[in-house]
Number of protein chains: 2
Amino acid sequence: MSVGSGHIPNETIDRLFSYLRPLMCVLNRGSVTVSSRELAEICTVNPSVVRKDFSYIGSLGTRGVGYNVRELIESIRRALKFDNDIRIAVVGVGNIGRALLEHPRFGFEGFKIVAAFDSSPEKVGQTVGQVTVEDAADLEKRLQSEAVQLVIVAVPEICAPDVARRVGDAGVNSVLSFTPCGLAMPDNVNVTSVDLSLEMARLVYHSCSQEGLRIGDGAA
Amino acid sequence: MSVGSGHIPNETIDRLFSYLRPLMCVLNRGSVTVSSRELAEICTVNPSVVRKDFSYIGSLGTRGVGYNVRELIESIRRALKFDNDIRIAVVGVGNIGRALLEHPRFGFEGFKIVAAFDSSPEKVGQTVGQVTVEDAADLEKRLQSEAVQLVIVAVPEICAPDVARRVGDAGVNSVLSFTPCGLAMPDNVNVTSVDLSLEMARLVYHSCSQEGLRIGDGAA
DNA sequence: TAGTGATTGTGTTCACATTCACAAGCTACA
DNA sequence: TGTAGCTTGTGAATGTGAACACAATCACTA
Ligand SMILES: NC(=O)c1ccc[n+]([C@@H]2O[C@H](COP(=O)([O-])OP(=O)(O)OC[C@H]3O[C@@H](n4cnc5c(N)ncnc54)[C@H](O)[C@@H]3O)[C@@H](O)[C@H]2O)c1
Ligand SMILES: NC(=O)c1ccc[n+]([C@@H]2O[C@H](COP(=O)([O-])OP(=O)(O)OC[C@H]3O[C@@H](n4cnc5c(N)ncnc54)[C@H](O)[C@@H]3O)[C@@H](O)[C@H]2O)c1
């Protein structure tokens, strides 16, 4: 019972994606193979974690040698259903929306922003990044005609629930929201909220907690 | 053995923070108490999760009644070491940095951006949000004089490792980075990277996975 | 072809987090 | 005062991922 027959843990999914960037570096460096130890070092994880992660998507390595970098990248993308570019739309071209649209890196990583929407007449018609901002009134229709797979919601908090509902109705089932409020969504729609406040609170908490650990560091 | 004598699970820390926003709403609504069932419903978690989370920071509820909202907020903030405003600096006032500086919500949530830095002469001297952009050359000195607890790094990828190192040297031990590359940091510095690509990849993966589950939804 | 050194793949063990179930304890009311 | 109806707090069971150790397997060399 090997090749991806069963179920892949959530944490493994995340790590599989996070291996892609370092692997591209290794590939550009000219290496043909990479060992679990080396990759683990780059990603600061345990080597056995790397091996077990790869074991979920099949036996890709050669004992005594390591993993073929090119094959590995290919297999990870396949496992993550990341073969083709992911088609994205941005709703709300304010500070955040603009930053996303002008961010060139997404294009290199397999994400393609195919449309942007705003309700403000001033914004509609502007070209930002690779796309021209469209009127939010046409949202549903255009999401379908552009075969959008994922929508990034970057509108003011008060509008977010309404926008999210419309996105869901249009048949898109992945939403990345920048408003930390909970968006009521049907079961078939996955929502993730980017909550910077939470990240910051966590960081500060952990820094404070380890404060007490700095004991006995007198010069020895 | 009750009141926060032991160790609080990481997941609980995250959830405790995430309860704060809904609790503020409940408070503004005028409710004096809230039950674990009600709060769980708002946050879409299991009620027993809520109760166990609160049990880690002491016995705060009244059986048969629920939790006093005001006391609860107070206790959570205390447990998270969130009594005073967290002092933050932003390095790199580009698209992302500007969005953060102009975001008013952070102020209401207990985060205070006390300084911003950029290396571009055009940016230095500009006032964005509540602060005036300073020259990045003064970074270390100013981080210390402003008693900054957390630095948000929003500079181009190529500069990030250098900026991070300087921040660490200045004695700040919490860094929130927008570059997804791994930043080598001493052990006493906590780094979190905001990786939107990862979030998007995860969303799409899970949407694709549950595709096969839509079986037998013929009109019944 | 046999021996050596290196690395993968995985069964097992361990640690942590979620869920469940229920006794303990509070309020309200007659 | 006693009873009924909730809701909390928590021990125990369950589920899930991480760490570990080691046999299986490969390339290389003589
Ligand atoms: N800026 C930050 O650093 C930051 C941090 C955390 C969370 N957020 C959240 O992200 C969201 C966006 O932030 P921002 O700073 O870009 O806000 P912003 O005010 O700069 O931009 C919002 C944009 O949405 C447009 N808009 C409003 N209603 C709309 C609708 N119904 N349909 C389409 N477009 C609509 C507006 O015209 C505007 O262009 C907000 O909810 C904010 O709370 C922002
Ligand atoms: N914009 C996005 O949507 C997005 C998404 C994901 C990640 N990121 C990452 O976030 C970071 C910032 O993105 P951005 O869009 O704001 O970039 P940006 O180019 O708009 O802004 C970068 C700013 O940093 C300043 N800077 C450069 N070197 C500096 C130094 N040594 N010290 C201080 N300031 C310096 C520049 O003058 C500029 O103002 C980048 O690493 C980017 O890859 C951005």
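Quick note on labels: first sequence line is chain A, next is B, and so on, each numbered from 1.
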Would you mind reading off the distance between [X] atom [atom1] and [N] atom [atom2], rounded to a whole angstrom?
X	N	atom1	atom2	result
B/Asp14	C/dT18	CG	P	10 Å
B/Leu39	D/dG9	CG	P	13 Å
A/Glu71	C/dT8	CD	P	14 Å
B/Arg51	D/dG11	CZ	C1'	14 Å
B/Asn68	D/dT8	CG	P	13 Å
B/Phe54	C/dT18	CZ	P	14 Å

[X]: partners by ring-ring contact (aromatic ring centres under 6.0 Å, His included), with sequence neighbours left out:
X	answer
B/Phe106	B/His103
A/Phe54	A/Tyr19, A/Tyr67
A/Phe82	A/Phe17, A/Phe111

Could you tell me whether the phosphate oxygens of D/dT8, OP1 or OP2, come under 4.0 Å of any side-chain nitrogen or oxygen in B/Ser36?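 Yes.
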
With a 4.0 Å cutoff (strictly under), does any side-chain N or O of B/Tyr56 reach OP1 or OP2 of C/dC16?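 Indeed not, no polar side-chain atom of B/Tyr56 lies that close.
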
Distance-only donor-acceptor check, side chains B/Thr192 and A/Glu199, under 3.5 Å: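 Result is no, nothing qualifies.
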
What nitrogen or oxygen pairs link the protein and nucleotides 25-30 of chain D at under 3.5 Å?
{"unit_1": "D/dC26", "atom_1": "O4'", "unit_2": "A/Arg63", "atom_2": "O", "d": "3.4"}

How would you label the contact of A/Tyr67 with the nucleic acid (heavy atoms, under 4.0 Å): base, sugar-phosphate, or nothing?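 Sugar-phosphate only.
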
Check this for me: A/Asp187, atom CG, are more than 12 non-hydrogen atoms of other residues, nucleotides or ligands nearer than 6.0 Å?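 No, the 6.0 Å shell around CG holds no more than 12 heavy atoms from other groups.
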
Just checking B/Lys81: does its NZ atom have more than 12 heavy atoms from other residues, nucleotides or ligands closer to it than 6.0 angstrom?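 Yes, enclosed.
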
Which nucleotide in C/dT7, C/dT10, D/dT10 has an atom nearest any side-chain atom of B/Ser59: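 Looking only at side-chain atoms, B/Ser59 lies closest to D/dT10.
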
Proximal nucleotide (of C/dC20, D/dT8, D/dC20) relative to the A/Asn46 side chain: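 For A/Asn46, the side-chain atoms sit closest to D/dC20.
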
Using a cut-off of under 3.5 Å, enumerate the N/O to N/O pairs linking the protein to nucleotides 15-18 of chain D.
{"unit_1": "D/dA18", "atom_1": "OP1", "unit_2": "A/Arg15", "atom_2": "NH1", "d": "2.8"}
{"unit_1": "D/dA18", "atom_1": "OP2", "unit_2": "A/Arg15", "atom_2": "NH2", "d": "3.1"}

Out of curiosity, B/Ile8 CD1 to B/Leu16 CG, how far, rounded to the nearest 0.5 Å?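 Here the rounded value is 6.5 Å.
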
Listed by chain and number, what are the side chain to side chain donor-acceptor pair (under 3.5 Å) partners of B/Gln130, not counting sequence neighbours?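 If we apply the side chain to side chain donor-acceptor pair (under 3.5 Å) test to B/Gln130, skipping adjacent residues, there are no hits.
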
Tell me whether B/Gln144 contacts the main-chain N or O of B/Ala170 through its side chain, where contact means a donor paired with an acceptor under 3.5 Å.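 Between the backbone of B/Ala170 and the side chain of B/Gln144 there is a qualifying donor-acceptor contact (under 3.5 Å).
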
On DNA chain D, does the nearest nucleotide to A/Ser48 precede the nearest nucleotide to B/Gly61 from the 5' side, or the other way round? Give the residue.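 In this pair, the answer is B/Gly61.
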
